[in-house]
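Source: prediction; values computed, not measured.
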Amino acid sequence: MNQVETINPANLKEALTAKARKDVVAIAGGTDILVKLHDRFDKLSPKLLILENLASLHKITASQKEISIGPLVTFSDIESSSILRKHASQLVAAASLAGSVQIRNRATIGGNIANGSPAGDTIPPLYVLGAVLELSSAKGKRFVPIEKFFTGPGMTVLRKNELITAIKFTRADNRGFFLRLATRQALAISKVSVAASIIVENGKIQAVKIALGAVAPTVIRAVRTEDFLKGKELSEDIINKAAVLVKEEARPIDDIRSIAVYRKEMVGVLMTRGLNSIAENA
Amino acid sequence: MKLNFKLNGKNVNIEAPGGERLLDLLRERLDLVGTKEGCGKGECGACTVLLDGEPVCSCLVLAAQVDGRQITTIEGIESDKQLSAVQRAFEQTGSVQCGFCTPGMVLSAVALLNKNPRPSKDEIKRALSGNLCRCTGYEKIFEAVELAAGNKQKRPVNK
């Protein structure tokens with residue numbers, strides 16, 4: 001890899017000013033961007049804005065109502081966070097399945113979101129947690145629900161002058177799961193993933209959100225399956241029907257990692273596995 | 001840019017481009033060639049070093065990101081010219097064939113044992129899942145980590 005120029009901001013203000021400049025690309029853990037630079041350096045020569053030392057963006061904070069994750073929080077930090085284990089088990093599962101120890105020690109949640117891959121493992125959990133992204137520029141802040149953030153593979157509504165400065169969601173007691181399939185368990189990008197958050201009261205599903213990864217141009221919600229599950233008990237029959245329904249909500253393609261028919265089928269399989277795990281522990 | 005960090009316990013002050021990979025900084029500027037470049041994109045773990053005690057791929061870290069941090073390479077885990085327990089265990093179990101993956105494997109194992117002195121076999125496999133070895137088939141490497149952890153006696157020599 002050839003050398004790239006770096007910008008080393010001392011604080012968030014300097015970082016936001018620099019981000020607005022031409023050809024500046026922010027780098028957090030670097031586990032996506034340095035691979036891209038390695039593979040096709042000749043076509044890219046960005047100035048890399050080093051976010052590493054912006055300590056204020058490294059924190060996980062929780063209030064009575066809300067949990068806020070800094071964009072520089074790593075997958076390893078998520079894995080070992082007791083507050084996230086309690087309130088965002090899907091996110092913890094996703095963070096612990098991605099990459100390898102080395103990658104999880106560097107890869108950040110903000111980078112996973114900003115990279116915009118439909119296969120980004122933290123994204124389906126954030127959909128079902130109803131996460132809202134705080135986007136900051138030198139001019140101010142705006143808040144965008146994560147489901148409105150992605151416009152296509154690798155494409156987002158993040159403006160040239162903005163950085164993701166927080167990922168927030170309501171603190172709630174939900175049950176949930178994140179399941180994925182990839183060529184092997186470590187260091188492989190998901191072919192298909194399913195995340196859910198479910199609130200069961202008196203044996204019936206009171207609230208449910210389901211998100212599917214790597215089976216559409218962006219991560220998507222499976223709203224028809226959610227509607228079907230609301231108010232139902234998690235019997236074998238209901239789980240089987242939900243698995244059939246959810247397959248039809250996936251819109252996968254053939255690509256280097258898998259083929260559409262397999263992905264569609266596996267969405268149903270993962271859904272069944274996930275709902276069974278919830279039913280068994282009810 | 002001016003960089004100031006701790007490398008294998010010693011302070012290093014060096015002028016280097018911020019956009020240089022840590023891997024190149026170690027190998028080309030500091031002559032620490034125990035750290036190997038395999039894939040150059042985070043998939044093989046041959047370039048593993050410890051950054052503040054945690055294993056990372058030095059091919060995916062930039063010089064500008066290590067200012068003020070602590071780095072341990074394979075050259076830094078001996079003490080008083082004695083091999084570390086993990087290195088001795090690799091030697092005793094015959095975990096080294098071509099040796100290219102060994103520095104990374106050893107560092108991943110050292111980081112695991114620092115955190116979890118008595119890991120299960122599954123925990124060992126998970127901790128080493130970012131380090132590829134094309135020679136050994138991994139079994140002797142897992143055995144070495146178990147031996148270093150004191151979970152296992154040295155295998156009897158077949159005579």
Side-chain angles (χ1 to χ4, degrees), chain A residues 1-10 24-41 44-55 58 72 74-77 79-80 96-108 111 182-189, chain B residues 1-3 16-25 28 37-69 104-105 107-112 115-116 119 122-132 138:
Chain A
M1 195 183 96
N2 294 329
Q3 276 169 23
V4 283
E5 205 181 307
T6 57
I7 302 164
N8 305 286
V24 171
V25 173
I27 176 170
T31 55
D32 279 312
I33 200 163
L34 292 180
V35 174
K36 280 181 198 159
L37 289 178
H38 178 274
D39 285 348
R40 38 165 214 236
F41 182 82
L44 292 166
S45 57
K47 296 184 184 76
L48 295 181
L49 178 65
I50 307 285
L51 302 180
E52 191 87 15
N53 298 322
L54 305 178
H58 274 280
L72 298 185
T74 66
F75 283 40
S76 294
D77 296 333
E79 242 183 307
S80 58
S96 64
L97 290 169
S100 62
V101 178
Q102 290 94 324
I103 300 299
R104 291 192 290 273
N105 282 336
R106 295 293 299 161
T108 66
T183 302
R184 56 192 174 120
Q185 288 191 23
L187 280 168
I189 293 171
Chain B
M1 67 182 283
K2 246 194 163 61
L3 295 171
E20 183 164 289
R21 300 182 306 175
L22 175 58
L23 174 65
D24 299 321
L25 181 70
E28 310 297 332
E37 174 161 18
C39 66
K41 44 205 245 190
E43 292 187 16
C44 76
C47 68
T48 299
V49 300
L50 305 185
L51 178 61
D52 294 338
E54 302 288 347
V56 301
C57 294
S58 60
C59 71
L60 297 183
V61 177
L62 297 178
Q65 296 176 311
V66 302
D67 194 36
R69 314 281 292 267
M105 285 284 182
L107 285 166
S108 287
V110 165
L112 168 69
K115 266 193 179 168
N116 179 359
D122 280 348
E123 287 169 333
I124 294 171
K125 284 185 173 177
R126 191 172 142 81
L128 299 184
S129 64
N131 295 83
L132 299 186
Y138 300 100

Q: Check whether any side-chain heavy atom of B/Leu60 sits under 4.5 Å from a side-chain heavy atom of A/Ile103, and report yes or no.
A: yes
**Q.** Shortest non-hydrogen contact between A/Gln102 and B/Gly45, atoms and distance
**A.** NE2-CA, 4.1 Å
Q.
I need the minimum non-hydrogen distance between B/Lys41 and A/Asp39, along with the two atoms involved.
A. NZ-OD1, 3.1 Å
Q: Go through the structure and list residues passing side chain to side chain donor-acceptor pair (under 3.5 Å) with A/Thr74, not counting sequence neighbours.
A: A/Asp77
Q) What part of B/Leu112 is in contact with chain A, defined as an atom under 4.5 angstrom from a non-hydrogen atom: side chain, backbone, both or neither? A) neither
Q) In terms of heavy-atom proximity below 4.5 Å to chain A, should B/Ser129 be classed as side chain, backbone, both, or neither? A) both
Q. Which value, rounded to the nearest 0.5 Å, describes the distance between A/Ile50 atom CD1 and B/Asp67 atom CG?
A. 11.0 Å
Q: Anything in residues 50-57 of chain B with a heavy-atom distance to chain A below 4.5 Å? Please list those residues in order.
A: B/Leu51, B/Glu54, B/Pro55, B/Val56, B/Cys57
Q: Verify side-chain contact (heavy atoms from CB on, under 4.5 Å) between A/Val101 and B/Thr48, making sure each step is shown before the conclusion.
A: CA-CA 10 Å; A/Val101 178; B/Thr48 299; over 6 Å; no
Q. If you round to the nearest 0.5 Å, how far is NZ of B/Lys125 from CD of A/Gln185?
A. 10.0 Å
(Q) Could you report the tightest heavy-atom contact between A/Asn8 and B/Ala64, atom names first, then the distance? (A) OD1-CB, 3.3 Å
Q.
Rounded at 0.5 Å granularity, tell me how far CG in A/Leu37 sits from CZ in B/Arg21.
A. 11.0 Å
**Q.** Per-residue contact mode, B/Arg69 against chain A (heavy atom under 4.5 angstrom)
**A.** side chain
Q | A/Ala28 backbone acceptor or donor facing B/Gln65 side chain under 3.5 Å | A | yes
